[in-house]
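Following: one structure in structure tokens, then a few remarks.
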Amino acid sequence: MQGRNTMKEVLCLSAQWGYIVFYRNYEDSIVLSDIVVAHPTSIAMIRTWPYVLIIDTTYKTNKRHIDQNVLAKLTEMMKDEVVASWFINGSWHKLINEIDEPKYLRKLDVLKMKWQKRPDFSHYLFNTWLNPLVHKFCKVWTSQVMHFGDETMNRVESKHSVLKL
């Protein structure tokens with residue numbers, strides 16, 4: 001890697017192999033806000049058939065990944081995996097799978113009230129997941145985007161769930 005960090009290595013190899021790379025940083029920061037990497041053949045196909053565009057994106061959008069992180073953090077804080085699992089499979093899934101915004105907001109208020117005695121967990125939940133990323137993984141918003149049934153970045157899992165439906 002010749003002294004480059006992982007991200008710089010990705011950018012270097014992408015350019016070396018002829019990929020088109022576009023990226024932006026957060027204002028006055030070295031932290032990436034967006035990155036697009038595309039193969040020239042993909043660009044040619046988009047120009048040929050511009051009517052349908054399927055984009056494979058990954059950025060904290062895999063619900064299973066989020067669930068695992070929330071479960072691990074709550075288990076660490078509560079020292080009780082049963083309580084953490086109960087939360088994930090109950091209140092959490094009901095919240096993130098809600099498709100009606102007023103119902104989502106009511107469930108969110110209930111969640112805030114239930115966890116107000118644990119500000120450490122509330123802070124984690126809201127500052128890590130709900131406030132900055134809610135539009136990227138909660139069904140109330142993701143259901144408004146045409147995604148052809150793909151709700152995970154795991155292609156096998158996603159295709160399997162579409163077939164089961």
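Note that the structure is predicted; figures quoted are calculated from it, not measured. Numbers for residues simply follow the sequence, beginning at 1.
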Ignoring hydrogens, what is the shortest heavy-atom contact between [X] and [Y]? Give both atom names and the distance.
X: G18; Y: P40; value: O-CG, 3.0 Å
X: W129; Y: F137; value: O-CE2, 3.7 Å
X: V21; Y: L11; value: CG1-CD2, 3.4 Å
X: R4; Y: E9; value: NE-OE1, 2.8 Å
X: L111; Y: L130; value: CD2-CD1, 4.4 Å
X: I88; Y: V70; value: CD1-CG1, 3.5 Å

With rounding to the nearest 0.5 angstrom, report the [atom1] to [atom2] distance, [X] to [Y].
X: E27; Y: S33; atom1: CD; atom2: OG; value: 10.0 Å
X: M113; Y: S122; atom1: CE; atom2: OG; value: 12.0 Å
X: W92; Y: L74; atom1: CH2; atom2: CG; value: 11.0 Å

Side-chain heavy atoms nearer than 4.5 Å, only ILVMFWY residues, links allowed to pass through others: does that put [X] and [Y] together?
X: I46; Y: V36; result: no
X: L13; Y: Y23; result: yes
X: L125; Y: V110; result: no
X: I20; Y: M7; result: no

Report yes if the distance between the aromatic ring centroids of Y124 and W115 is under 6.0 Å, otherwise no. no

Pair F121 + F87: ring centers closer than 6.0 Å: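 Yes, the ring centres sit under 6.0 Å apart.
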
Give every residue pair that meets the side-chain hydrogen bond (donor to acceptor under 3.5 Å, both in side chains) criterion with at least one member in residues 70-89, sequence neighbours excluded. none

If you draw a 6.0 Å radius around CD in Q16, do more than 12 non-hydrogen atoms from other residues or ligands fall strictly inside? yes

If we only count heavy atoms from C-beta on, is the [X] to [Y] side-chain gap below 4.5 Å?
X: L108; Y: L95; value: yes
X: S91; Y: K114; value: yes
X: V134; Y: Y104; value: yes
X: K112; Y: F126; value: yes
X: I66; Y: I96; value: no
X: H93; Y: D67; value: yes

E98: which of K107, R106, K103 passes salt bridge (Lys or Arg N to Asp or Glu O under 4.0 Å):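 Exactly one option meets the salt bridge (Lys or Arg N to Asp or Glu O under 4.0 Å) with E98, and it is K107.
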
Residue list, side-chain hydrogen bond (donor to acceptor under 3.5 Å, both in side chains) with N127, at least two apart or on another chain: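 Here the qualifying residues are H123.
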
With distance as the sole test, does S42 use its side chain to make a donor-acceptor pair with the main-chain N or O of A38 at under 3.5 Å? no

Does S29 have any side-chain contact (heavy atoms from CB on, under 4.5 Å) partners at least two apart in sequence or in another chain, and if so, which?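 Here the qualifying residues are Y26, V31.
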
